[in-house]
> 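Take a look at this one; I'll ask things after.
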Amino acid sequence: MRATRFLMPTLRDAPADAQALSHQLLVRAGFVRQIGAGLYSYLPLGWRVHRRVEQIIREEIDRIGGQEMLMPVLHPAELWKRTGRYAIPELFKLTDRVGRELVLSMTHEEIIALHAAEAIRSYRDLPQIWYHIQIKERDEPRPQAGVLRTREFIMKDSYTLDRDAAGLDAGYALHEQAYDRIFRRSGIRFYKVESDVGMMGGSGAHEYMAPSPAGEDRVALCDGCDYAANVEMAVAVPRAAEAPTGAPLEEVATPGVTTIAALAAFLGIDEALTAKSVIVVPADEQGGVVLAVVRGDHRLHDLKLTKAIGAPHRPATPEEIRAAFGADPGSIGAVGIPDGAVREVIVDREIERGGYVVGANRTDHHLRGAELGRDYAARVADIRHAEDGERCVHCGGTLRIEPMIEVGNIFKLGVRYSAAMGALFLDEEGREQPVWMGSYGIGPARILASAVEQFADDRGIVWPQALAPFDVWIVPIGDDARAAADDLERALTAVGLDVMVDDRDLSPGVRFADAELVGVPLRLTIGKKLATDGVIELKHRATGEGETLTLAAAPAHLRALVDQAMAW
RNA sequence: CGGGGCGUAGCGCAGCCUGGUAGCGCACGCGCUUUGGGAGCGCGAGGCCGUCAGUUCGAAUCUGACCGCCCCGACCA
């Protein structure tokens with residue numbers, strides 16, 4: 001490929017609205033261009049990388065027996081109504097000219113189940129692994145960080161179809177193997193972490209996470225063992241608090257004290273000896289408010305509480321709190337709640353035992369020594385936020401919490417979709433059974449962006465060899481070098497390398513800078529030393545190290561370097 | 001959806017407060033020079049100043065509405 005004929009609009013300055021490093025560099029280096037909020041075109045450089053990622057994924061899903069197919073983006077709305085997903089706010093909905101309702105799909109469980117309903121008749125037809133690499137549409141409330149969170153993106157999604165839970169486990173395990181190979185081959189740093197199965201149920205899920213400051217997820221990692229979990233799931237041992245039991249319940253006046261910090265200061269005690277009450281209003285038909293209680297120095301985790309309640313929720317307003325408890329916010333507690341004031345009390349398991357200072361449900365008063373069981377009843381659940389620096393429940397090591405980009409996920413769906421769509425088969429006893437499904441996603445653009453985030457330096461992108469848009473970038477300097485560059489390009493192409501020759505009539509400095517910005521791993525400079533010493537120069541983008549070699553030696557040497565860089 | 005910010009040439013920005021013929025850097029075209037780390041000189045092209053409506057003799061500039069984009073939060077099955 002010749003730079004003079006290649007669309008590669010590099011910029012000296014990044015657009016002002018690009019925040020994430022990957023966003024800035026991908027635009028600056030000419031890989032992508034923004035069309036609208038969360039909408040991007042991939043220019044030739046970007047698309048080359050994307051296709052390399054896709055190809056790795058394709059090879060590895062094929063290796064575990066996946067069958068590639070292609071399903072439409074536009075679906076009849078009726079299918080989504082059947083599975084109850086039509087109400088998802090992120091689902092794009094539209095009508096055609098005669099008023100038929102359609103959706104732009106965000107995943108393909110419905111279609112897969114539909115095909116299964118038609119094609120799978122017997123246990124003899126199972127198992128199956130079907131996948132495609134297709135555009136997905138999501139009406140994101142807030143697209144951000146360049147290509148990391150977009151409204152339209154390409155996703156590999158595969159689906160396993162099995163006769164029972166054991167079969168699903170096997171299909172899941174195959175995907176664990178495939179995903180491990182995919183991310184290792186991509187060259188990015190990643191973790192496999194425990195993840196929430198979400199409101200849709202399901203029996204198990206993991207996410208594949210690439211550490212990056214631009215990541216939207218938070219993952220707890222143990223330095224002593226391989227425990228890794230999304231904070232939505234993470235459990236940790238908090239710092240110990242000596243909350244004595246057996247003391248009588250005692251009311252204390254706490255005038256003007258409405259925060260935990262003020263309460264602890266007023267009483268001269270550790271915040272960990274208090275209990276924090278949070279009142280929320282679930283968004284379901286049942287009505288009423290829920291009182292959630294965590295230790296005073298802990299944070300409530302919204303998603304954990306959502307799971308505990310079984311519905312999303314919002315904070316109660318001060319008026320709602322006064323109406324239910326007859327006391328101001330800041331003096332609310334689980335002891336002595338007026339009859340019918342709440343539909344449920346949920347306390348975090350860290351304060352299941354011990355006596356704590358709680359709100360007295362009387363403005364400007366608290367209670368000392370409140371104990372679960374003796375003084376009040378509640379359901380116990382894990383609803384607190386695990387914190388950086390807390391100890392691992394498995395090994396006692398130290399947990400740290402890092403931002404990460406979700407690059408893939410694997411999910412045991414069970415029979416939810418197959419049952420809704422009538423994907424049934426006959427087992428060996430002739431009984432009708434629903435197909436057991438799993439779904440497995442990967443976002444190639446996120447792998448691409450993660451690589452930029454993880455390896456870029458102050459000169460630009462540094463691609464892992466496996467993802468680079470070109471393997472080799474040749475900079476010929478001087479007229480004599482042009483012919484040599486042509487010969488070298490042919491020779492390198494002949495050994496299977498992707499080669500860019502920067503034949504632009506620009507100063508060497510500009511071309512070196514562009515080569516570094518674009519991030520191709522190997523750069524060859526053809527200059528004066530060819531005439532004087534018969535050699536050209538090779539420079540490694542990642543390390544900056546250089547060496548010289550002869551034209552004749554270049555093809556075999558570079559081929560070996562590329563192979564070595566992609567070995568794993 | 002709540003809060004904040006920004007829309008002027010391909011990119012980065014100034015001009016707006018205080019209304020009067022739209023500018024700078026980079027990039028781009030032509031010529032000459034230059035050729036191992038973002039070259040020099042000269043000439044040149046490129047803008048419905050987001051849109052619409054007001055105010056005014058006159059609007060990039062003042063007012064209003066709308067649209068778009070970014071950030072924080074909410075949301076993200």
Side-chain angles (χ1 to χ4, degrees), chain A residues 7-20 23-24 27-30 33-40 43 80 83-92 106-107 109-110 136 138-146 148-151 153 195-202 205 207 214 216-217 230 232 280 283 302-303 306-307 310-315 406 409 411 413-414 416-417 420 439 441 458-460 475-482 502-518 523-532 536-537 539 544 546 548:
Chain A
L7 173 60
M8 187 175 63
T10 56
L11 300 171
R12 205 153 184 165
D13 303 303
D17 53 13
Q19 302 285 317
H23 188 191
Q24 293 177 11
V27 174
R28 266 191 68 201
R33 282 294 184 270
Q34 182 170 11
I35 301 305
L39 302 171
Y40 286 83
L43 305 186
W80 288 68
T83 57
R85 298 171 91 198
Y86 189 68
I88 295 174
E90 284 72 28
L91 185 65
F92 272 111
M106 41 200 294
T107 58
E109 281 83 359
E110 280 80 1
K136 308 285 170 176
R138 291 192 187 179
D139 190 359
E140 289 289 348
R142 189 177 159 198
Q144 60 190 327
L148 281 174
R149 188 162 207 87
T150 55
R151 293 193 292 178
F153 58 98
S195 76
D196 178 30
V197 295
M199 298 297 288
M200 301 299 276
E207 290 164 335
E216 297 178 289
D217 283 278
N230 195 309
E232 297 169 357
V280 300
D302 272 344
L303 195 66
T306 297
K307 281 184 285 183
H313 53 83
R314 62 169 175 82
E406 182 186 351
N409 62 65
F411 196 98
L413 288 174
R416 178 195 157 79
Y417 292 93
S439 81
D458 57 0
R459 296 183 171 202
V475 180
I477 296 171
D479 292 336
D480 295 344
R482 306 279 163 157
D502 192 349
D503 57 342
R504 295 176 297 175
D505 187 22
L506 295 171
S507 74
V510 173
R511 290 183 287 160
F512 289 150
D514 266 357
E516 282 156 358
L517 177 62
V518 168
R523 188 183 84 202
L524 286 174
T525 304
I526 307 177
K528 285 189 293 250
K529 287 184 189 168
L530 182 61
T532 57
I536 59 176
E537 290 153 86
K539 190 160 190 174
T548 59

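Model, not experiment: these values are computed from the prediction. Within every chain, numbering begins at 1; the chains are lettered A, B, ... in the order of the sequence lines, protein sequences first and strands thereafter.
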> Mind checking if G478(A) touches a base, just sugar-phosphate, or nothing, with heavy atoms under 4.0 Å?
nothing

> Name the residue closer to the 5' end of RNA chain B, choosing between V510(A) and R149(A) according to the nucleotide with the nearest heavy atom.
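Closest to the 5' end, via its nearest nucleotide, is V510(A).
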
> I477(A) has a side chain; which of G12(B), U35(B), G38(B) sits nearest to it?
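Of the candidates, U35(B) comes closest.
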
> In whole angstrom, give me the gap between the P atoms of U61(B) and A53(B).
14 Å

> Write down the atom of P9(A), the atom of L43(A), and the distance for their closest heavy-atom approach.
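Heavy-atom minimum between the residues: CG-CD1, 3.7 Å.
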
> How would you label the contact of R33(A) with the nucleic acid (heavy atoms, under 4.0 Å): base, sugar-phosphate, or nothing?
nothing

> Which nucleotide in the list G38(B), G37(B), C11(B) gets nearest to the side chain of R28(A)?
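Between G38(B), G37(B), C11(B), the one nearest the side chain of R28(A) would be G38(B).
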
> Write out a two-atom table: protein N or O, nucleotide N or O from nucleotides 67-71 of chain B, distance below 3.5 Å.
unit_1	atom_1	unit_2	atom_2	d
C69(B)	OP1	A37(A)	N	2.8
C69(B)	O3'	Q34(A)	NE2	3.4
C69(B)	O2'	D17(A)	OD2	3.1
C70(B)	OP1	Q34(A)	NE2	3.0

> If I pick the P atom on A65(B) and the same atom on C24(B), what distance separates them, to the nearest angstrom?
35 Å

> Which one, G37(B), C11(B), A27(B), comes nearest to the side chain of D13(A)?
C11(B)

> What's R314(A) touching, base or sugar-phosphate or nothing? Going by heavy atoms closer than 4.0 Å.
nothing

> Closest approach to the side chain of K528(A), judged atom by atom: which nucleotide of G36(B), C75(B), G37(B) is it?
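It is G36(B).
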
> Side-chain contact, heavy-atom cut-off 4.5 Å: S195(A) with N409(A)?
no

> Can you tell me if R511(A) uses its side chain to pair, donor with acceptor, with the backbone of P476(A) under 3.5 Å?
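Checking the backbone N and O of P476(A) against the side chain of R511(A), a donor-acceptor pair under 3.5 Å is found.
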
> Calculate the interatomic distance between D302(A) atom CG and G73(B) atom P; express it in whole Å.
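In whole Å, G73(B) P lies 13 Å from D302(A) CG.
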
> Say whether, by atom type as modelled, one donor and one acceptor occur between the side chain of K307(A) and the main chain of E232(A) under 3.5 angstrom.
yes

> For the pair made of CD in E90(A) and P in C1(B), what is the distance, rounded to whole Å?
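To the nearest whole Å, that distance equals 13 Å.
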
> Do side-chain atoms of H313(A) reach the backbone of D302(A) as a donor and acceptor pair under 3.5 angstrom?
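Pair found, side chain donor or acceptor close to backbone of D302(A).
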
> When we call it a touch if two heavy atoms are under 4.0 Å apart, what does D479(A) touch: a base, just sugar-phosphate, or nothing?
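Nothing, no heavy atom under 4.0 Å.
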
> Within the 4.0 Å heavy-atom criterion, would you say P141(A) contacts the bases, only the backbone, or no part of the nucleic acid?
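Base, at least one base atom sits under 4.0 Å.
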
> Please determine, for the side chain of P15(A), which listed nucleotide (G38(B), C76(B), G12(B)) has the closest atom?
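Output: G12(B).
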
> Using a heavy-atom cut-off of under 4.0 Å over every strand shown, decide if P9(A) touches base, sugar-phosphate, or nothing.
nothing

> Roughly, in whole Å, what's the span from CZ in F512(A) to C1' in A39(B)?
15 Å

